Structure formats: C-alpha cells, structure tokens
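To start, the structure under review is shown below, and the notes come after it.
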Amino acid sequence: MNVHESEKIAGILMSRGLTECNDGEPDVVVFNTCCIRDNAERKAIGQIGRFKQLKKSNPDAVIAVVGCMTQQDGAGFALRRKFPFIDIVLGTSNIEKIGEYVSDALSSRTCRVEIDDDPRPAIVEGVPYHRSSGCNAWINIMYGCNNFCSYCIVPYVRGRERSRAKEDVLAEFEKALSDGYKEVTLLGQNVNSYGNDRGDGYGFASLLEDLAKYKGDHRIRFMTSHPKDMDDRVIDIIADSPNICNNIHLPLQSGSDRILKLMNRHYTRDDYLAIIEKIRAKMPDCGITTDLMVGFPYEDENDFEDTLDMVRRVEWSNAFTFVYSPRRGTPAATMPQVPAEVSKRRIMKLIAEQNSVTRRLSDAYVGNVYKVLCEDAVDKNGKLTLCGRTESGRMVNFNGDPKLVGSFCDVKVTRSQSASLFGTRI
Ligand code: 5AD
Ligand code: SF4
C-alpha cells in the first residue's frame, strides 16, 4: 500500500517538473510514514532526524512528512514540534495536495500542517503515478477499513472503506496492460469487501470476473483478504480464471479462538480451516500465505500452542510474523500486556516452526517446471542472477539474459534452500 502511495507522490511531484534524485543532495524529501507497529514509527523518526543535517547544508530544501504516522491523534503537530525543520506535514486523506504544497514551499517557504480527520474523504481520480515496481502495476481498488481489529491502527488513520468505481478500476487495469505491465496486483485492506459501500451489488467477485475477461499474457494478484469475507464465489472465480494467480494472502493472526475473539476478528480457527479446505479442494497448488501475531494481550502458552498447531495444520507457503505492538487509541492497548521477553521467545519459536514447514514445501518444488514471471536481475556474488515468482508466489532464482526481465520463462526447479528455490530455464 505504502509503496504504491509513494508511486503516487512521486508521480504528482514529477508532473510538476521535479525529477528523481539518485545522488547528491535532494531539494525535496518526502517521508511516507507507517505506524502499524512501534518499530515502523521509530524507523521513520530516525530517518527524519537524519535530515536535520540536510537542512543545515541546504536551507532551501523542502522536507515533507506524510502518511499514517501523521494522522494519529495530535501526531502531526507533535512531529513538527519535535522536528521544526519539517516544512510540510500532510495527513492521509489529502495526499493529492502534496504537489501544490511542495511548490509553495519551494517558492515562498510556506509551511503547512494539514491533517483532515474526515473518515470518508472522497476518492480523487486521475492522479498521476510514477510506477517503479518493475513489471508489476499496483492498483488500489479501495481505501480504508471498517473492521476495527482491536490491535490495529489502520481504521483510525485511513478512515472507512471507500471503493473505487468499477469503471475507474477497469480503465486503470486496461492502461496497465497496454503500458506493458505483466502483473497487476489489486490492493485493499480487505479486498473481499470491495463494493460493499457502493450498494450496487457489484462486489469483489464481480470485479474479478470482469478482470478475468481480459485475455493475454499477464497475471492478476490481490491483497489482502479477510477470512470473514472470503466467499465461495471468489474461490471459484480464482480457480476458473487462468490469469488470476492461485495465490491468496489470508491473515489468520492467531490460532486461538479466545484470542481471535479478543482481536475482534469474527471467525474461529475452524472457520479458517474450512476456507483452506475449500481453496485446496479447488486449487491444490494454491500458494497460501498469512500474517501471524504473538504476544497479544492475554495470550497464554495454550493460545500460543494453538497458533503453532495452525502452522503445522495449514502449511502456509509463507507467514509474516509479528510481535504485538500496542497502538495508542486502540482497544487492545488498554488490555493487560504480555511481557516482552515472553513475546520474544514465542516469536522465535513461531519463526522456527514456520521455517520447517517452508523448507518441507520448498523441497516439493524440486524437479518440477513452473511458469515464472522474471522480475529482476540481481547481483549475487558478482554474478547476475534472474529472479521471478511462480503463480503460487514462490520466488525462484535462475540464470539467463537480463533481457528476460519482464517476460515469462519456463523454469525447472533443481534445488531448494529453506525459503529459496533455484532452477534452470528450459
Ligand atoms: N502489532 C503487531 N502487528 C500488527 N499488525 C497490525 N497491527 C499490529 C499491531 N498493533 C499486523 C497484522 C496485519 C499486518 C499487516 O500487520 O498481522 O495483518
Ligand atoms: Fe487492520 Fe483488521 Fe483492517 Fe486489517 S482488517 S487493516 S488488521 S483493522
């Protein structure tokens, strides 16, 4: 989400004549911040602090801070107090104004702190992008979130769900294909509730169905799906559409029903397992990934064991694992906290458990041929290596001409090393 929003910020600034600064001192720096966990905020603060020096050597430089961190209660003004050299603080709902404000700051040193707390800001269409994610084009289909998971800051800083009009999404999709992008990833905090706010009965399944009608050599991915909204029709459409990747990111968060209830997730572990069963019945090779959290308030050893048990049962191809981080203003922040050393021990154990699943699944790839979209050529120990993903989302490294970046290759996997796969083009 943030990578794509940065593409938007870059596009807006470039449409005003600014260019990317790859070396030397920049005239404009925009920090697009995240506040999902405390470490994201600390990283942003550390990075912003480093730019005090730039302002000393180039007092005309413009420094802007945007994104989720600024949108928390009172945080925008607190940032400006902490770092008086910041010229612009802009909340999440009016990012389109960044171009105008940067221009003003460059020409007349106008400083601004603008945080709009409207939970349903209108969607602004027609904003230019500077896409910088290789052969993948990100496309937002919706903004915001209505779910209020008790640990999560997103609904507070991104507002309620607002879906883009079908025509706008389809037009952007068509443009991405005609611009040569080979992969499109649909973005939303909860893509499965796309369209619910528009009330015309056109939901995520209908959108996928329409996107699947475009023929050609390209792939469609999407993220993120909330298990409570994953319906059979969506699973059927993915299974029946060759261009929609059999790859689903389905965050579980915790394997304990007690903790899921406290998290306000609205499903049980059995509900989750039933979805997995349906997906695998239709798409046995579907790559399913998840997000897992340890150390949520009240989590005891039994709850944690339930999460480990789900790792063994579901066999996700990959799991993003997090230590719970209290977020000010969310319900979970006022619940009794789990000691840091307990969370640390649990996350290490969780990672080790998932790693052994990943290793086992990786071994099963060896000997088979996969259609891989070559995404990049990277220098590995002085040798250029190509890398790309299978339909299921697994990264494969292989040798070949860097000209192949952006095209589909048939690759036979010859070796696996924990999460990494290696192969040769056939
Ligand atoms: N602490 C830790 N992890 C969190 N996530 C969201 N909020 C928090 C928090 N307060 C994780 C969830 C979510 C992913 C994007 O980030 O697992 O799915
Ligand atoms: Fe946060 Fe839950 Fe919304 Fe995901 S679904 S963004 S975890 S509130």
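Both ligands and their constituent atoms are indexed starting at 1 by order of listing. All of these numbers come straight from a predicted model, not from anything done at the bench. All values below come from the heavy atoms of this structure, side chains included, with hydrogens, waters and symmetry mates left out.
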Exercise for the section: Provide, to 0.1 Å, the distance between atom 16 (O) of ligand 1 and the closest protein heavy atom, together with that atom's residue and name. Expected result: R37 NH1, 2.9 Å
Exercise for the section: Determine, for Y151 and R327, whether the Lys NZ or Arg CZ falls below 6.0 Å from the six-membered ring centre while staying within 45 degrees of the axis. Expected result: no
Problem - Within-cut-off N or O pair, Y324 and ligand 1, under 3.5 Å - result: no
Problem - Modelled atom types, side-chain donor and acceptor of S254 and S256, under 3.5 Å - result: no
Handout entry: Minimum-distance protein heavy atom relative to atom 15 (C) of ligand 1
Key = D291 OD2, 3.7 Å
Problem - Best match, S325, S343, A319, G295: closest heavy atom to atom 10 (N) of ligand 1 - result: S325
Practice task
Using a strict 4.0 Å cut-off to heavy atoms of F322, name the atoms of ligand 1 that fall inside it.
Solution key: 3 (N), 11 (C), 14 (C), 16 (O), 17 (O)
Exercise for the section: Could you find the nearest protein heavy atom to atom 7 (N) of ligand 1 and give me its residue, atom name and distance? Expected result: Y151 CD1, 3.3 Å
Practice task
Indicate yes or no: does E161 engage R120 in a salt bridge with an N to O separation below 4.0 Å.
Solution key: no
Exercise for the section: Quick one: list whatever passes side chain to side chain donor-acceptor pair (under 3.5 Å) with H218, sequence neighbours left out. Expected result: N243
Handout entry: Protein heavy atom at shortest distance from atom 12 (C) of ligand 1
Key = Q253 OE1, 3.4 Å
Completion exercise
For M293, the atoms of ligand 1 under 4.0 Å from one of its heavy atoms are 3 (N), 4 (C), 5 (N), 12 (C), 17 (O)
Practice task
Determine whether any heavy atom of R265 lies closer than 4.0 Å to an atom of ligand 2.
Solution key: yes
Problem - Numbered atoms and elements of ligand 1 in range of R327, under 4.0 angstrom, heavy atoms - result: 10 (N)
Completion exercise
Under 4.0 Å from one or more heavy atoms of H226, ligand 2 contributes atoms 5 (S)
Problem - Contact check, V323 vs ligand 1, heavy-atom distance below 4.0 Å - result: yes
Handout entry: In the protein, N/O/S atoms that are found under 2.8 Å from atom 1 (Fe) of ligand 2, waters not counted
Key = C152 SG
Problem - Q253 vs Y267 side-chain heavy atoms within contact, under 4.5 Å - result: yes
Name the atoms and distances for all side-chain donor-acceptor pairs under 3.5 Å in residues 347-356, with sequence neighbours left out.
residue : atom : partner : partner atom : Å
E353    : OE1  : R312    : NH1          : 3.1
E353    : OE2  : R312    : NH1          : 3.4
Q354    : NE2  : W316    : O            : 2.9
Q354    : NE2  : T358    : OG1          : 3.1
S356    : OG   : E353    : O            : 3.1

Problem - Flag side-chain contact, heavy atom, 4.5 Å: Y156 against T330 - result: yes
Practice task
Just say parallel, tilted or perpendicular for the rings of F222 and F204, cut-offs at 30° and 60°.
Solution key: perpendicular
Problem - By ring pair (Phe, Tyr, Trp, His ring centres under 6.0 Å) - contacts of Y194 (at least two apart) - result: none
Handout entry: F408 and C374, any side-chain heavy atoms less than 4.5 Å apart
Key = no
Problem - Any I237 side-chain heavy atom under 4.5 Å of V234 side chain - result: no
Fill in the blank from the handout: With K228 as partner, the option from N147, D271, N192 fulfilling side chain to side chain donor-acceptor pair (under 3.5 Å) is N147
